[in-house]
Amino acid sequence: MELASGVRSALETLAAVAETPFSKADTIPPLLYSSEDIYRLEMERIFAQEWLCPGLAADIPKPGDYITFSIGDQPVFTVRGQDGVVRSFSNVCLHRMMPLVEGRGSCGRKLVCPYHAWTYDTQGKVIGAGHMGGRDPAFDKQQHRLREIRTEIWEGWIYITLNQDAPSVSSLLGPLLAVVEQYAMAGYIPVVQQEHVWQTNWKLLNENFMEGYHLPVAHKATVGAWFPVEDTEFPEETFDAFTYQTFTKDENARYGRAHSSNTRLEGKWRHTSILPTIFPSHMYVLAPDHLWYLSLRPMGTGAVNLRFGVALAPEVHEALGEGRDAWVRELTDFFDRVNAEDKFVVEGIYQGSKAPLATRGPLSWLEREIHDFARYLAKRLCT
């Protein structure tokens with residue numbers, strides 16, 4: 001791809017940022033958030049190559065349950081088969097390219113195309129295709145099967161990729177396992193799933209998630225009130241496929257502390273949250289009592305599809321009993337307010353990034369992960 005001189009210069013600066021020690025580092029060039037050339041590079045070198053997250057395996061607990069997603073222009077659905085195995089497929093009918101399913105739901109034992117009723121089982125095989133006689137050679141439905149998308153489950157998360165040569169998720173995230181496994185998040189129970197489109201660049205939403213610097217300010221009416229900034233910790237080591245931080249919740253926090261019946265966590269971990277970002281676009285807050293996550297899909301330089309979900313630790317889910325629905329409504333309202341606060345910020349930053357006088361700024365010690373992300377981007381875009 002032939003790049004304009006301004007874009008080439010911005011990539012050179014990105015590479016320099018990645019090489020700069022964190023203590024001296026600034027933010028990445030503003031042009032990287034609005035350049036169409038950069039967006040095309042990202043879709044080609046990042047989103048078409050990396051592992052992306054449609055959601056939790058617990059979102060599709062029964063055979064026939066499915067969720068839909070997309071990798072760039074490729075629609076995907078992920079379904080739990082009759083054998084209990086989670087698989088992903090191209091969500092495009094083999095006959096005339098009609099999307100097979102939308103949203104999330106259950107297809108039972110089969111998926112039926114809404115155009116000509118070609119029918120598939122939950123392993124992608126064509127099991128029905130009417131009025132296909134008269135072909136030479138004769139139409140054989142057994143020779144037709146949906147293209148399967150590579151899928152792995154890691155600690156309860158579904159990951160998919162178009163890249164058959166990508167290293168396994170377990171190998172990429174191996175160092176993170178020792179940090180998160182004590183929470184047993186694969187057993188958390190989903191209670192909220194939402195889809196939103198925000199008018200910002202996907203990288204700005206990533207960066208906003210990665211730093212707690214803004215919490216006492218932008219979120220002073222919600223989560224910021226419970227957030228002791230000085231307790232934020234980062235690992236000494238950096239990683240190619242992810243980054244993370246930990247922080248604690250004080251005794252006034254309504255959410256983020258272990259339930260009394262939680263026997264998995266001890267000591268400080270009973271009020272510590274872990275915030276991993278799995279590059280390029282999956283991030284979650286793993287707390288002793290719940291988790292919430294974002295999975296991002298760019299829709300251009302200035303729009304991003306945001307999949308948001310919340311799951312409860314099993315002991316919390318059980319203890320709520322008959323009051324669970326009301327409690328979840330209150331929780332949803334709380335996170336709606338948190339998300340509105342973030343939406344205001346990241347949409348504003350995107351507009352600011354396009355200003356002629358926008359400049360790079362120095363990073364706070366609380367923004368270590370933003371530098372980690374810059375290094376990730378440089379490895380994918382600057383080679």
Problem set entry | CA sep, side-chain torsions, deciding dist, call: Lys203, Leu377, side chain to side chain contact (heavy atoms under 4.5 Å, CB included) | CA-CA 10 Å; Lys203 297 186 293 299; Leu377 292 172; 3.8 Å; yes

For this session: Would you indicate whether the side-chain heavy atoms of Gln182 and Arg264 approach each other to under 4.5 Å?
Result: no

Seminar exercise, completed: So NZ of Lys141 and NZ of Lys125: to nearest 0.5 Å the spacing works out to 12.5 Å

For this session: Using the six-membered ring wherever Trp is involved, compare the ring planes of Phe335 and Tyr255 and label them parallel, tilted or perpendicular (cut-offs 30° and 60°).
Result: parallel

For this session: Tell me, yes or no, whether the heavy-atom count around Phe139 atom CZ, taken from other residues, nucleotides or ligands under 6.0 Å, exceeds 12.
Result: yes

For this session: Taking the side chain as every heavy atom from C-beta outward, state whether Arg307 and Tyr293 have any atom pair closer than 4.5 Å.
Result: yes

Exercise. If only atom types and distance count, is the side chain of Asn262 paired as donor or acceptor with the main-chain N or O of Arg270 below 3.5 Å?
Worked result: no

Exercise. Counting N and O atoms only, with roles assigned by atom type, does the side chain of Thr232 sit under 3.5 Å from a partner on the main chain of Val229, one being a donor and the other an acceptor?
Worked result: yes

Exercise. Roughly how far apart are Leu162 CG and Arg147 CZ, rounded to 0.5 Å?
Worked result: 8.5 Å

Exercise. With a 4.5 Å limit on heavy-atom distance, are the side chains of Thr246 and Asp231 in contact?
Worked result: no

Exercise. Are Asp121 and Gln82 close enough that a side-chain donor and a side-chain acceptor fall under 3.5 Å?
Worked result: no

Seminar exercise, completed: Nearest heavy-atom approach of Phe47 to Ile71 is O-CG2, 3.3 Å

For this session: With sequence neighbours excluded, tell me which residues meet ring pair (Phe, Tyr, Trp, His ring centres under 6.0 Å) with His259.
Result: none

Exercise. Side-chain contact, heavy-atom cut-off 4.5 Å: Ser34 with Asn201?
Worked result: no

Problem set entry | Thr161 side chain vs Glu50 backbone, donor-acceptor pair below 3.5 Å | yes

Exercise. Side chains of Leu176 and Trp154: closer than 4.5 Å at any heavy-atom pair?
Worked result: yes

Problem set entry | Sidechain-backbone polar pair: Asn91 side chain, Leu100 backbone, donor-acceptor under 3.5 Å | yes

For this session: Might you confirm whether atom CD of Gln164 has over 12 heavy atoms from other residues, nucleotides or ligands at distances under 6.0 Å?
Result: yes

For this session: Mind listing the closest non-hydrogen atom pair of Arg87 and Asp83 along with its distance?
Result: NH2-OD2, 2.6 Å

For this session: Using a cut-off of 6.0 Å, state whether more than 12 heavy atoms not belonging to Arg109 lie near its atom CZ.
Result: no

For this session: Can you see which heavy atom on Tyr159 is nearest to which on Cys53, and at what distance?
Result: CE2-CB, 3.8 Å

Exercise. Can you tell me if Thr332 uses its side chain to pair, donor with acceptor, with the backbone of Val328 under 3.5 Å?
Worked result: yes

Seminar exercise, completed: So OG of Ser273 and CZ of Arg257: to nearest 0.5 Å the spacing works out to 10.0 Å

Exercise. When clusters are formed by joining ILVMFWY residues with side-chain heavy atoms under 4.5 Å apart, either directly or through shared neighbours, do Val345 and Leu366 land in the same one?
Worked result: yes

Exercise. Do you know which two heavy atoms are closest between Arg45 and Thr383, and how far apart they sit?
Worked result: NH1-O, 3.1 Å

Exercise. Is there a chain of hydrophobic side chains (I, L, V, M, F, W, Y, each step under 4.5 Å between heavy atoms) that links Ile60 to Trp51?
Worked result: no

Problem set entry | Reported CG-to-CG distance for the pair Asp342 and Leu205, which is rounded to 0.5 angstrom | 7.5 Å

Exercise. Near Tyr213 OH, under 6.0 Å, is it more than 12 heavy atoms from other residues, nucleotides or ligands?
Worked result: no

Exercise. Taking the side chain from Glu315 and the backbone from Ser261, do they hold a donor-acceptor pair closer than 3.5 Å?
Worked result: no

For this session: Report yes if some heavy atom in the side chain of Leu312 is under 4.5 Å from a heavy atom in the side chain of Leu320; otherwise report no.
Result: yes

For this session: Check whether any side-chain heavy atom of Pro288 lies under 4.5 Å from a side-chain heavy atom of Trp269, and answer yes or no.
Result: no

Exercise. What pair of heavy atoms forms the shortest contact from Thr122 to Gly81, and how long is it?
Worked result: OG1-CA, 3.4 Å

Problem set entry | Whether Tyr120 and Trp118 hold their rings parallel, tilted or perpendicular, with breakpoints at 30° and 60° | tilted

For this session: Report whether Phe209 and Phe334 are members of the same hydrophobic cluster (ILVMFWY, side-chain heavy atoms less than 4.5 Å apart, transitive linking).
Result: yes

Problem set entry | Side-chain donor or acceptor of Glu347 paired with backbone N/O of Gln199 under 3.5 Å | yes

Problem set entry | Donor-acceptor pair between Thr68 and Glu102 side chains, under 3.5 angstrom | no

Exercise. Between Asp333 and Arg329, is there a salt bridge with N-O shorter than 4.0 Å?
Worked result: no

Problem set entry | Within the 6.0 Å centroid threshold, strictly below: Tyr376 and Phe279 | yes

Problem set entry | More than 12 heavy atoms from other groups under 6.0 Å of CD on Glu266 | no

Exercise. In Å and rounded to the nearest 0.5 Å, what is the CD to OH distance from Glu44 to Tyr39?
Worked result: 12.5 Å

Exercise. Is it true that a side-chain atom of Thr13 and a backbone atom of Ser9 form a donor plus acceptor pair closer than 3.5 Å?
Worked result: yes

For this session: Under the side chain to side chain contact (heavy atoms under 4.5 Å, CB included) rule, what do Leu52 and Ser281 come out as? Steps first, then yes or no, please.
Result: CA-CA 7 Å; Leu52 308 177; Ser281 57; 3.8 Å; yes

Exercise. If you round to the nearest 0.5 Å, how far is CG of Leu286 from CE of Met185?
Worked result: 5.5 Å

Problem set entry | Mutual orientation of the aromatic rings belonging to Tyr284 and His282 [parallel < 30°, tilted 30-60°, perpendicular > 60°] | tilted

For this session: Using modelled atom types only, decide if a donor and an acceptor are shared between the side chain of His214 and the backbone of Glu211 within a distance under 3.5 Å.
Result: yes

For this session: Please step through side chain to side chain contact (heavy atoms under 4.5 Å, CB included) for the pair Val338 and Trp292, ending with a clear verdict.
Result: CA-CA 12 Å; Val338 173; Trp292 66 267; 5.5 Å; no

Exercise. Can you tell me if CD on Glu318 sees more than 12 non-hydrogen neighbours from other groups inside 6.0 Å?
Worked result: no

Exercise. Got Val92 and Gln74 here, is their nearest side-chain heavy-atom distance under 4.5 Å?
Worked result: yes

Problem set entry | Glu19 CD: over 12 foreign heavy atoms closer than 6.0 Å | no

Problem set entry | Trp202 with Tyr33, same ILVMFWY side-chain cluster at under 4.5 Å | yes

Exercise. So, the side chain of Arg145 versus the backbone of Gly124: is there a donor-acceptor pair under 3.5 Å, distance only?
Worked result: no

Exercise. When you look at Asp59 and Arg80, which way does the salt bridge (Lys or Arg N to Asp or Glu O under 4.0 Å) test go after all the steps?
Worked result: CA-CA 10 Å; Asp59 287 328; Arg80 189 175 294 274; over 6 Å; no

Problem set entry | ILVMFWY cluster, Val346 and Leu32 together (side-chain gap under 4.5 Å) | yes

Problem set entry | Closest non-hydrogen atom pair between Gly103 and Tyr66, with its separation | O-CE1, 3.9 Å

Problem set entry | Pairing of Arg380 and Asp240 as salt bridge, 4.0 angstrom limit | yes

Side-chain donor-acceptor contacts of residues 348-359 below 3.5 Å, not counting sequence neighbours, with atom names and distances?
from: Tyr350; atom 1: OH; to: Thr301; atom 2: OG1; distance (Å): 3.3
from: Ser353; atom 1: OG; to: Tyr350; atom 2: O; distance (Å): 2.7

For this session: Measure up the His371 and Phe22 rings against each other and bin them: parallel (under 30°), tilted (30 to 60°), perpendicular (over 60°).
Result: tilted

